[in-house]
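In what follows, a structure is listed as structure tokens, so that the remarks can point back to it.
Model, not experiment: these values are computed from the prediction. Residue numbering restarts at 1 for every chain, and letters A, B, ... go by the order of the sequence lines.
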Amino acid sequence: MGHSLLDTRVRVFANDRVWMEDAALQQLHTTAGLAGMRAAVGLPDLHPGRGYPVGAAFFSVGRLYPALVGGDIGCGMALYETELRPHKTSASRLAQALGCIDGRLPDHAVSPEARAALHDIAQRAELFTADELVASLGTIGGGNHFAELQVVDQVHEPGVVDAKRVHLLVHSGSRGLGSAILRAHIDGYNHGGLAAGDEAARQYLAQHDAALAFAELNRAHIAQRMAQALRTDLRPVLALSHNHVLPHVWGGEAGFLHRKGATPADQGLVVIPGSRGDHSHVLRPVAGRHEALDSLAHGAGRKWARADCRGRLKPRFSLTELLQTRFGSAVVCADKALVYEEAPQAYKDVDAVVATLIEAGLVVPVARLRPLLTYKKGALDQPDAEDEAGRRPRDGRGRPGKASNHASGQVSGKTPRGGLPCC
DNA sequence: ATGTGC
């Protein structure tokens, strides 16, 4: 081998204002010891994941590790400027205009070009048909995914974001596709990684690239269906994936850069969102800071494990309280478990995370955004969900679950009233 | 994270 763990550079970007869990640092060092690893970086949003830490980047030579990228291959952010004026709108008005934007897209919302792209992705990814991909296209998903309308709160560098326009930030990924790709590889090859030249590595990378393309198309469709509901056009500001493995050169060697919840610092402007009750930061990476593996934090980072959130929050807050934030912004989330799991209290302070990056000289601030409305999950299984115009179901009744994203058409035999694809 | 799992 020639290299040992002693040769692997492990670096953590943090300061004493940022919460760092020992378990996450432990995972960072364990992962840094995998065969072929040359460098590991923990960003300030570092937190424990399933075996591998989140908020980290790893550079390896000769081997690559699908399990390290995780199941949500291609997960990332897309930021848009809308035509909406902040002072002419409100959280409740926006929520009403949006209605339900969850579930399968209506057929007319998927263009022939998009269908052709999905056909190509399906062929490259192998595991799903094009129509199966259509079924999850434009859906946000669960976990920490969201689509958020934001107002510009501070401008540090003029001329980049227009402070007079509402912005839309989409955080989503490759849904079932990336997950199926990872599962197939773990079933076949376990967690030992893949030798760079092998057929298995070639196959994984082809599928991985298809999942990146699908995730990007998915985010664009989420944004588009939101824009349509709000009757606005969109101007793309930036689009970035933070879960991937890419060919990379570091320290004079060609290898693979794994980003697991790490924003690329070598692709222009970035956005680092906080929790639904916190700011999002638009930042300009400082060129040439390769010691952080050309990577940045991808969010605030979890402070509480998902399993702990309900127990900690339920005695202190009602659901209604948790569906609003300190900014007066509103949260649309028909999944009760997610209301707890994604509460602001469960996350680190994103301003401190970003301050760490600024102090380390990795980024300069461009603008700060503040949430107006955070869309997490629509209510698809409600029998009376799509009554009279504009009436939206109260949270609580329906059990969001397996059929959530299949409430359209004939898939489950449960045809929604009115024949509309959703709600 | 997840057509989530029996």
B/dT2 C1' sits how many Å from A/Leu338 CG, rounded? 12 Å

What residue pairs, at least two apart or across chains, pass ring pair (Phe, Tyr, Trp, His ring centres under 6.0 Å) with a residue in residues 318-337 of chain A? A/His279-A/Phe327

Give one of base, sugar-phosphate or nothing for A/Arg183, where a contact means two heavy atoms less than 4.0 Å apart. nothing

Rounded distance in Å - CG (A/Asn218) to P (B/dT2): 9 Å

How long is the line joining CD1 of A/Ile186 and P of B/dT2, in whole Å? 18 Å

Only pairs under 3.5 Å count here: list side-chain donor-acceptor contacts from residues 337-347 of chain A, not counting sequence neighbours, and write none if there are none.
| residue | atom | partner | partner atom | Å |
| --- | --- | --- | --- | --- |
| A/Glu341 | OE1 | A/Arg306 | NH1 | 3.0 |
| A/Glu342 | OE1 | A/Tyr347 | OH | 2.7 |
| A/Glu342 | OE2 | A/Arg302 | NH1 | 3.3 |
| A/Glu342 | OE2 | A/Arg306 | NH1 | 2.9 |
| A/Glu342 | OE2 | A/Arg306 | NH2 | 2.9 |
| A/Glu342 | OE2 | A/Tyr347 | OH | 3.3 |
| A/Tyr347 | OH | A/Arg302 | NH1 | 3.2 |

Length of the line joining A/Asp335:CG and B/dG3:P, which is rounded to integer Å: 13 Å

Rounding to an integer number of Å, can you tell me how far A/Asp187 CG sits from B/dT2 C1'? 14 Å

Give one of base, sugar-phosphate or nothing for A/Gly142, where a contact means two heavy atoms less than 4.0 Å apart. sugar-phosphate

According to the interplanar angle, ranging from 0 to 90°, do the rings of A/His258 and A/Tyr65 count as parallel (below 30°), tilted (30 to 60°) or perpendicular (above 60°)? tilted

Scan A/Gly143 against the nucleic acid and name what it touches under 4.0 Å (heavy atoms): base, sugar-phosphate only, or nothing. sugar-phosphate

Length of the NE2-C1' vector between A/His145 and B/dT2, whole Å: 10 Å

Quick one: is the NZ or CZ of A/Arg312 closer than 6.0 Å to the six-membered ring centre of A/Trp304, and within 45° of its axis? yes

Using whole Å, what does the distance between atom C1' of nucleotide B/dG3 and atom NZ of A/Lys377 come to? 11 Å

What's the CG-C1' distance between A/Leu127 and B/dG3, to the nearest Å? 13 Å

